[in-house]
Structure formats: structure tokens, C-alpha cells
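Data block below; observations after.
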Amino acid sequence: MLQDKITQYSQEINEFTPTSAADVEQFRLRFLVSKGIVKSLFDEFKSVSPEEKRTLGKVLNDFKQLAELKFSEAQEQFAASAAKAERTADDLTLPGVGFQLGSRHPLSLVRKEIVEIFKKLGFIVAEGPEIEDDWHNFSALNFPPEHPARDMQDTFFVEKKDGNDIALRTHTSSVQVRLMEMGKPPFRAIMPGRVYRNEAISARAHCFFHQVEGLYVDEGVSFADLKQTLYHFVQELYGEGTKVRFRPSYFPFTEPSAEMDISCTICKGEGCQLCKYSGWVEILGCGMVDPNVLENCGIDSKKYTGFAFGMGIERITNLKYEIRDLRLFSENDVRFLSQFETEII
Ligand code: DAH
């Protein structure tokens, strides 16, 4: 009977759950082609009685629609997944996979800033070795033979060689000597680098840190040039209105020598924990290059004068970012490092 066949095939269609595009094609061949089931049922319909035709006509048409709908749904399902498979393989129009950018180390940021300020004043950047001999680190810089800085307590020695020990440099002033030995005045350079001292590690001291040395040697360089240069530097780095003051000091390689303070960047001179309620914080040592140092480097101290200065990058950075513990700089904790400027490639 036609009705029974329609019921049976309808059930088959409703239960049809294709798992591949090939299943869908099988379905089409079975039901929808010109020799398929739908067509054969329509052929059969021609020979049923007129009363039956009235009821079966609609049933048969519904059946045909069911078969077609099922087919188009199944076709769509597999067409979409086929297209997706193709796209993920090598679709060059898809957006790229993002990757995380690193950030600059705060010490690199500040070093860069210092270098930029002095570059605009005509200072070149010079570098020297971290493993240094006694001459460049001490003797040429006018350190007396018994000076405590040469002591084991301060200096990491690499090799003891009577009279010219090899050590990790304790300051970047050694680069001044290398620079002056290599050429003729005028010299106008800043020299950033890492230095080492035999200190117990704590929040306030570390066995290695970073300095920037500055040197300007020419005819007629005066202490006024030194003051004006450093004053300009401070205004650029910490903002207009930052005050400076110079206090007399002593370094073997400068005469006269001074230490320079700036008005506290945190409390603006009001007094706080950082400046120990004085309103001032020390940021660098400086002075006029001692004539002995010039002569040690083969420079005529009657003709030339110069000034020099040296600052710790960690100290400058602490004042800028209010970092209270030196150890943070070398612990590589991403939570700390990611707070600084992101590297733009
Ligand atoms: N070398 C000194 C230090 O490590 C810093 C310094 C002071 C450098 C005075 C200079 C200077 O060039 O003139 O503490």
C-alpha cells in the first residue's frame, strides 16, 4: 500500500543522521534522483483510486517536501564544515595570531633618557671593559696606593698581579681614562655601564649596579660649565623647577670636588621619608678633573681643563619611579617588569 510505504520512508528520513558528505550523496541518490524513491511513489500514485488520491495527494506532497528539506539541511551542514576545514588550513586572510610584547627594563629606560639629554648637548657615548686593570680603575685616577677603595672589602679581584691587579671595575670613571688615552681633546662623552662592588646584598646595596660617567675636557672649561650642564640635565630629567645644590666633597680624581643634590622628587622639598626630612636627595658626584689625571692620560694640564661627573642609574631610577628596593632590578619578576614601557617593535 502507498500509505504504508510513505509512512515507512518518512520514518527512515526522520532518522537519517549523516556523518559525512558521502552519506548526504547516498541520501540524494536513494530518494531524489529521477529513479529514486520519491519519483517511484509519484508513479505509483497515478494508479490509486480517485478517493484515495484526495487524501494521499497531500501526504505524498508532504513526504516529498520532507525528503527535500532533509537533503538541503544535510547538504548545508557538510558544506559549512568542509569550508571551515579548508579555511583553517591556509587562509591567509585570517587575522594573525597575537603575541605578547615585552617591556623595557626600568634601568634601560632611564639610561636611554640620560643618554638622550646629553646627546643633545653634544656628548658622545663611550664604553669600556667591565674587567679592568688597576691603572684604569685606580692609579691613573689618582688613587693613592693605600686608598681603601682598592681594598678586598670593596673590590672583586680577578687576578692579583703585583702592581697591576685585574678586577671588576668599581666605577665607570675607568672609561674616562681609556677615552683620554685614546685621543686628543676636546672630549665630550658620557659613559654608561655596569660596575661591581663587594657589598652584602640588601634593599639599599647590591654587588653590581649601573653608573653613567660624564667627561668634558677642552680649553677653558670651568666649574660654571659643570654647574650649568648638570642644572640643565636635572631640569630635563625631573622637570622644570627642580632645584639643585652643590656640596663640597672629595674624590681623588677631581679638584675641587662636589656632590650634587636635587630637591626631593617625592615631597618637592617638604620633607619625607625618602629625603630623610631634609628636602634634598643626593644624585651624583662631580668636579674639575684633577690635573694629575689629565697628565696621567697624556694631556697637557696647563692647556686643558675639564669637568667630570658620575651618577648611579639605580638611584636616578628610584627617584623617578619611587622604587625602594634595589633587589627588584635584578630579580626578573615579571609583575615588576611589566609595569614599565612596552617595547614597540
Ligand atoms: N666614581 C665615583 C663613584 O663611583 C663617582 C664620581 C664622582 C665620578 C665624581 C666622577 C666624579 O666623574 O667627578 O662614586
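When a residue number appears, it is its place in the shown sequence, counting from 1. Values below: all heavy atoms of this structure, side chains included; hydrogens, waters and symmetry mates excluded. Start at 1 and go down the list; that is how both ligands and their atoms are numbered.
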Nearest neighbour in protein (non-hydrogen) for atom 12 (O) of ligand 1: Glu213 OE2, 2.6 Å
Cys286 and ligand 1 - part of the residue with a heavy-atom distance under 4.0 Å: backbone
Sub-4.0 Å atoms of ligand 1 with respect to non-hydrogen atoms of Ser173: 1 (N), 8 (C)
Numbering as shown, the atoms of ligand 1 that approach Gly287 to under 4.0 Å (heavy-atom distance): 13 (O)
Per-residue contact class, Met311 against ligand 1 - non-hydrogen pairs under 4.0 Å: neither
Ala308: numbered ligand 1 atoms lying under 4.0 Å from its heavy atoms: 12 (O), 13 (O)
Test salt bridge (Lys or Arg N to Asp or Glu O under 4.0 Å) applied to Glu259 and Arg247, step by step: CA-CA 5 Å; Glu259 274 166 314; Arg247 282 179 290 104; 3.4 Å; yes
Hydrophobic cluster identity match, Leu284 and Val125, side-chain contacts under 4.5 Å: yes
Identity and distance of the protein heavy atom lying nearest atom 11 (C) of ligand 1: Phe253 CE1, 3.4 Å
Donor + acceptor pair across side chains of Arg188, Thr229 (<3.5 Å): no
Proximal ligand 1 atoms for Gln176, defined as those under 4.0 Å from one of its heavy atoms: 12 (O)
For Gln211, atoms of ligand 1 separated by under 4.0 Å from a heavy atom: 3 (C), 4 (O)
Evaluation steps, side-chain contact (heavy atoms from CB on, under 4.5 Å), between Glu181 and His136: CA-CA 10 Å; Glu181 280 178 342; His136 292 95; 2.8 Å; yes
Backbone of Asp134 reached by a side-chain donor or acceptor of Asn164 within 3.5 Å: yes
Ring pair (Phe, Tyr, Trp, His ring centres under 6.0 Å) partner of Tyr321, the single match among Phe336, Phe340, Phe329: Phe340
Which of the ligand 1 atoms, numbered from 1, are nearer than 4.0 Å to a heavy atom of Thr254: 13 (O)
Joint hydrophobic cluster, Ile283 plus Phe209, side-chain heavy atoms closer than 4.5 Å: no
Protein heavy-atom partner closest to atom 14 (O) of ligand 1 - residue, atom, separation in Å: Arg197 NH2, 3.9 Å
Atoms in ligand 1 flagged as close to Gly285, the criterion being non-hydrogen separation under 4.0 Å: 7 (C), 9 (C), 11 (C)
Please list every donor-acceptor pair under 3.5 Å in which a side-chain atom of residues 271-279 meets a protein atom from a residue at least two apart or in another chain.
unit_1 : atom_1 : unit_2 : atom_2 : d
Ser278 : OG     : Cys275 : O      : 2.8
Ser278 : OG     : Trp280 : N      : 3.1
Ser278 : OG     : Trp280 : O      : 3.1

